[in-house]
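To start, the structure under review is shown below, and the notes come after it.
None of the values given here were measured: they were computed from a predicted structure.
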Amino acid sequence: MSRTDTATDTRTTWWICLLAVAIVAIRAAHALPLIADTLMGGDGDDLMRLQQVRDWLGGQSWFDTWQYRVLPPEGISIHWSRYIDAGIAAFMVPASWVMPMPEAELLAIVLWPSLLACLGILVIGHGNSRLMGPAAAIGALAVFLGWGKLGGEFAAGRIDHHNVQILCATAVFYLSLVPGRRALLGAMAGMMTALCLSVGLEMLPALAVIWGMVVLRQAFAEDGLGAWLVGFCAAFAVSAPLLIAGQTAPSGWLVNHCDVLAPPLLGLAAIGIVASLAPVVLARVLVHPVARILLSLGITAVGLWLAAPLLLPCLQGPYANATAEVRLIIESRISEALPANVLWQARPELLLRILMPPLVIAGLALIAAWRMWGGLSSRLKIALVQSFVVLAVGLAFALIQIRAANLMTPAVPLLAGFLVHAFVTIPRDHRLRAPAALALVLAMPPMVEAAARWIGGPPEPPVFAADSDPKAEMAATSSMAFCRTERAMAEIASLPASVVFSSGNLGPAILVYTPHAITSAGYHRSAAAFHNGAVAYDSRKLLRNALAASRADHLVICIGAGEERAIDSILAEGWPDWLTEVTGDRKSIRVFQIDKPALKLEMAGE
């Protein structure tokens, strides 16, 4: 390609990206008037993130991410990164100079994910254009903006950390494929990997696969990948410890956490660095790819054996430090953590909306690649193989826990871009052009998601029998924002200042919209907070013990939600002396005052 053609493609790609950015801006403007309701009824993690930012701006230490209004006075550990808080505050604080803080908060939670979406557009648009041309950028960005699982993570109000992780992992994915100065590209990928892992470990499998693919490609002597690996490993080795030091107090640097970037993951990364660089250093000696691969595998095996005492406690993943009870709740009662077979029974339309778009795109891309393989460049062949591997790994994890579908997100836009690239190579008078155009239209995520809703059926309101499956029940109700309304929050706020016992779905909203402390939140470092939000409603004894242990003052039940059904069943056994209903004229909630001496008396009498 001539220098003129390259410049033309670059200008075209910028215009395509600019159009996509304009779509993001229009969506943000449309969302702004509705953002208060969106936030209140949205994901509890977004609410908790807002509270974390508030607490930090209110004087809580940068290194102190405990949430003291959950199970006070001790509070619970929230292991989230302050770097995300800083990004949100970068919009919130200047906005507060010209408007009231509540309005500044709402503006910030629109602008922050919109900025991330714009960065994602630049990465995906230019990455696809560098590999296949501007047409591919159109297909890739159509998926980025149109697939709910991907674009939805960048929608207004999504201030949790998943969008940052997806953005970083996607950047690493393209930096490992696009042409350019390989050492610089590798160094940028190393820094992005460290940043992604400092925010959270959810994208670790995808990042490990990308890293492993580059090592494998270097073993087969792909030009420049030795320099890429050197830059990657050096940048990660420097930036990862610095990022840890930047968000963790010195007293926590050597604590072996399994759910954040900490010594266990650094140890694993050190093994990977040595296993990656050894074949590079010995490239002239080890000429055959098999020898290089065996060297990497041997170093990895020895490293894992030597580091076993550090790594073995983390074999159960991010929840290794959680209690067995918390792991059971996560695996059976949190909809996003359910396996595909359970979700298929509980909410088939949700499962299909998440998995059908990437599977349809991957299937069509596989057919196109098979037909065009002989005429594809080696770079594009490598990009396709890497995309299919990343997608397959993500799909495997998603079948175990549906939220792991995020692992597929770096690869899907490239496969969509390849479909458009394949389409434009078909001559206009060819008999396949019309069917290919129809296939492209039908493969658009909005079309596939509409088909998923038709196949899976509309979500039905939860109506549970006495012997209903708890997994199916929780899957159907956990995403429904019962009592996440202005009226319900006002009714709860009208209570005297107290510690409020509620469901886990309601807890974060009470934290954000009322002055009260809470007892329930779905964060795996606190078994008690998890237990209070779900298991406590399973029996009278469990509820009584949870109320006593949490030192709650009021029990709040959302009318129409699953916990009301549970509390009615408990109260049918006989009204306990330690509960007095004080609902009054409240219409959205039922309120019970807790008699703590009566609680202790009953427990002592057993």
Side-chain angles (χ1 to χ4, degrees), residues 41-46 147-153 155 158 160 162 165-166 202-203 205-206 316-319 322 325-363 391-409 411-412 445-465 467-482 503-505 522-524 530 533-535 538 561-563 565:
D43 194 290
D45 285 351
D46 295 321
W147 180 25
K149 182 58 182 170
L150 178 52
E153 293 289 355
R158 295 296 287 147
D160 191 8
H162 295 299
Q165 293 173 311
I166 290 172
E202 286 88 343
M203 296 299 289
Q316 295 178 347
Y319 307 134
E325 180 185 45
V326 166
R327 289 197 297 271
L328 179 62
I329 296 172
I330 293 173
E331 294 166 1
S332 62
R333 301 201 181 200
I334 305 299
S335 60
E336 66 178 17
L338 292 176
N341 63 318
V342 174
L343 200 57
W344 173 253
Q345 297 174 2
R347 293 190 63 188
E349 48 80 31
L350 175 61
L351 178 68
L352 292 175
R353 279 194 291 112
I354 292 174
L355 295 186
M356 275 184 63
L359 291 179
V360 168
I361 290 170
L391 187 141
V393 171
L395 177 62
F397 277 92
L399 294 178
I400 300 171
Q401 281 197 357
I402 192 60
R403 62 181 164 191
N406 282 354
L407 297 172
M408 296 187 284
T409 53
V412 178
M447 298 291 289
V448 178
E449 290 178 352
R453 291 186 180 93
W454 179 76
I455 296 171
E460 299 179 357
V463 179
F464 307 119
D467 58 350
S468 61
D469 180 2
K471 290 185 179 182
E473 180 173 335
M474 291 304 297
T477 60
S478 61
S479 63
M480 302 182 70
F482 285 114
S503 68
N505 181 59
Y523 303 98
H524 64 265
F530 247 117
V535 180
D538 287 355
E563 65 263 24
R565 169 179 168 265

Sub-4.5 Å side-chain heavy-atom contact between [X] and [Y]:
X    : Y    : result
V448 : I361 : no
Q401 : L338 : no
F397 : M408 : no
L150 : V412 : no
L352 : R453 : no

Criterion side-chain contact (heavy atoms from CB on, under 4.5 Å) on L351 and M356, from CA distance to verdict
CA-CA 8 Å; L351 178 68; M356 275 184 63; over 6 Å; no
Counting distance only, does the side-chain N/O of D46 pair as donor-acceptor with the main-chain N or O of D160 below 3.5 Å?
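Answer holds: yes.
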Is a donor on one side and an acceptor on the other found under 3.5 Å between the side chain of E153 and the backbone of I166?
no
Could you grab the distance from atom [atom1] of [X] to atom [atom2] of [Y], nearest 0.5 Å is fine?
X    : Y    : atom1 : atom2 : result
N406 : I354 : CG    : CD1   : 9.0 Å
I455 : R353 : CD1   : CZ    : 13.0 Å
L407 : L395 : CG    : CG    : 10.5 Å

Results of side-chain hydrogen bond (donor to acceptor under 3.5 Å, both in side chains) for E202 - residues two or more places apart only:
H161, Q165
Which atom pair, heavy atoms only, marks the closest approach of [X] to [Y]?
X    : Y    : value
A346 : P348 : C-CD, 3.7 Å
A398 : A404 : N-CB, 3.8 Å
W147 : E449 : CD1-OE2, 3.3 Å
Y523 : G44  : OH-O, 3.8 Å

Could you work out, with salt bridge (charged side-chain N to carboxylate O under 4.0 Å, His left out) as the rule, every residue matching D45, not counting sequence neighbours?
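D45 satisfies salt bridge (charged side-chain N to carboxylate O under 4.0 Å, His left out) with no residue once adjacent residues are dropped.
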